[in-house]
Amino acid sequence: MNAKLQDIRDNPHRARNYAPLPVVLTRGEGAHLYDVDGRRYVDMMSAYSAVSHGHAHPRILAALTAQAQRLAVPSRAYFDDRLDAFLTELCALTGLDVALPMNTGAEAVETAIKAARRYGHRVRRLADPEILVAAGNFHGRTTTIIGFSSEDSYRDGFGPFAPGFRAVPFGDLAATEKAIGPNTVAIMVEPVQGEAGVIVPPKGWLAGLRKLCDARGLLLIVDEVQAGLGRTGAWFAFQHENVKPDGVMLGKALGGGVLPVSAFVGTRALMDMFTPGSHGSTFGGNTLAAAVALEALHVMRDEKLVERSRDLGEHMLSRLRAVDSPALRDVRGLGLWAGVEIDPFYATGREICERLCEKGVLSTVTHQQVVRLSPPLVIARADLDLALDRLEETLAEMVSRRTPRRAVG
Ligand SMILES: *Cc1c(COP(=O)(O)O)cnc(C)c1O
């Protein structure tokens, strides 16, 4: 281990809420990252989809620097000349009516929860509106949101938690229908569960939820913070099922890989719940963020990144599914997004990621055994193939170290 890495790794002033891989990055360009020694890596993670446009996209950097020199943070106490073009574009893309900008994904989720609850109180006249969520969900890290997580490590020691949520099995329409009670106001789900290990639900599930919500007068709220903006090979994952949700959360890639930008976009009936003073954020919808996010949307359209995700994703998934290795337990995915589940007999997900890192490929693990692959949508096919070659090699190494050598002679 080099001295720089050791110093940084052991810095006692860094809170230990992450356990980074042993690499010190200093530069990024497109689908490549560079460490402090100048070594190049293929980024197979893109910061959980926050960097779908690739690192340092020239058009996004140009929008960022030009806007930063003009006006960055005037506050929402005033109108500005950038925010409305961004919000209008978000509505056109999602097919929804009204957008409320925030900064992080968790804030967009909190905004959705507030909208749904107020709709429950004011329209449905419920005293205690309840939101159904899916087991295995990931919606962020605020105290309210972790309260309905099924992950012990996210919750442990952080209670007490807010009431008003109930979890149902992910992808199970019948169980969801059975769980609906007199106080249920909304169903809030990820269309594909990312942090749970890239879990793709059965076909027809989201369309079934839409029907169920229509029949029972419930709101359907879809968290596309990770799945949205091209990751699954569609602009939004809900489009795979031709449904129109009442509300959708966006984040991550919305910031073009340079800023935190999120939004909750919904129907007029839902978004009319917000009146002046009822919700806000000092930085949410700032002029700099709006200019960057609008350019990020335009780049995605102009460079056909959604189509790229679909085509490269098909290639990636078919290559992964063709890998014949006992160390591979499962391959799941949609678009340029895959979860590769490793058999713990051969290796932990962490061991795979550390070995990949040595080979110049960066990825991370979720739920101990699932290696996540979500490269920037701009990745060159050759770089994608190189990363998949390294993964195959790594799997073969893990299998051979567990396979007893036959005695010779
Ligand atoms: C990452 C993520 C969030 C939270 O976003 P932050 O920007 O980290 O707060 C919410 N929902 C989903 C589905 C996510 O993947």
Side-chain angles (χ1 to χ4, degrees), residues 15 17-18 45-52 94 100-116 131 133-151 153-155 158 165 167 170-171 186-201 206 220-232 234-238 240 245 247-266 281 283-286 289 292-293 296 332-339 363-367 370 372-374:
N17 61 324
Y18 278 86
M45 212 273 254
S46 64
Y48 310 91
S49 269
V51 186
S52 284
T94 54
L100 193 161
M102 295 294 281
N103 311 283
T104 64
E107 290 171 308
V109 174
E110 290 280 351
T111 304
I113 293 168
K114 280 188 176 178
I131 298 173
V133 297
N137 68 74
F138 183 84
H139 296 287
R141 300 288 200 157
T142 66
T143 48
T144 291
I145 292 170
I146 60 169
F148 55 85
S149 167
S150 1
E151 217 8 65
S153 59
Y154 300 168
R155 298 164 50 94
F158 297 136
F165 303 93
F170 181 68
I187 299 177
M188 181 172 85
V189 293
E190 297 155 84
V192 171
Q193 287 190 329
E195 297 309 297
V198 193
I199 313 288
V200 182
L206 201 63
L220 178 62
I221 295 174
V222 180
D223 183 348
E224 298 236 15
V225 168
Q226 193 162 169
L229 301 174
R231 180 53 59 187
T232 69
W235 270 93
F236 306 102
F238 64 73
H240 291 295
V248 57
M249 293 81 106
L250 300 172
K252 292 194 169 120
L254 194 54
V258 292
L259 287 177
V261 187
S262 71
F264 180 56
V265 194
S281 159
F283 287 96
N286 70 72
V292 163
R332 301 179 288 267
L334 191 63
L336 202 46
W337 195 14
S363 184
T364 56
V365 62
T366 178
H367 286 254
V370 183
R372 43 187 311 145
L373 302 176
S374 58

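Indexing begins at 1, ligand by ligand and atom by atom, following the structure's order.
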Inset, instruction - Apply side chain to side chain donor-acceptor pair (under 3.5 Å) to R141 and S149, showing your working. - result: CA-CA 9 Å; R141 300 288 200 157; S149 167; over 6 Å; no
Inset, instruction - Please round to the nearest 0.5 Å and tell me the distance separating atom OH of Y48 and atom CZ of F138. - result: 8.5 Å
Inset, instruction - Mind checking the CH2-CZ spacing from W337 to R231? Nearest 0.5 Å is all I need. - result: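 Going from the CH2 atom of W337 to the CZ atom of R231 covers 8.0 Å.
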Legend entry - R372 bridged to E195 by N-O distance under 4.0 Å: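 Looking at E195 together with R372, the answer is yes, because their closest N to O distance falls below 4.0 Å.
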Legend entry - Heavy atoms from other residues, nucleotides or ligands near CZ of F283 exceed 12 (cutoff 6.0 Å):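 At most 12 heavy atoms, drawn from other residues, nucleotides or ligands, come within 6.0 Å of this atom.
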Inset, instruction - For ligand 1, would you mind listing the residues that have at least one heavy atom less than 4.0 Å away, ordered by chain and number? - result: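 Answer by chain and number: T104, G105, A106, F138, H139, G140, E190, D223, V225, Q226, K252.
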Inset, instruction - Indicate yes or no for a side-chain donor-acceptor contact from R155 to the backbone of G147 under 3.5 Å, with no hydrogens or angles considered. - result: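 Checked: pair present.
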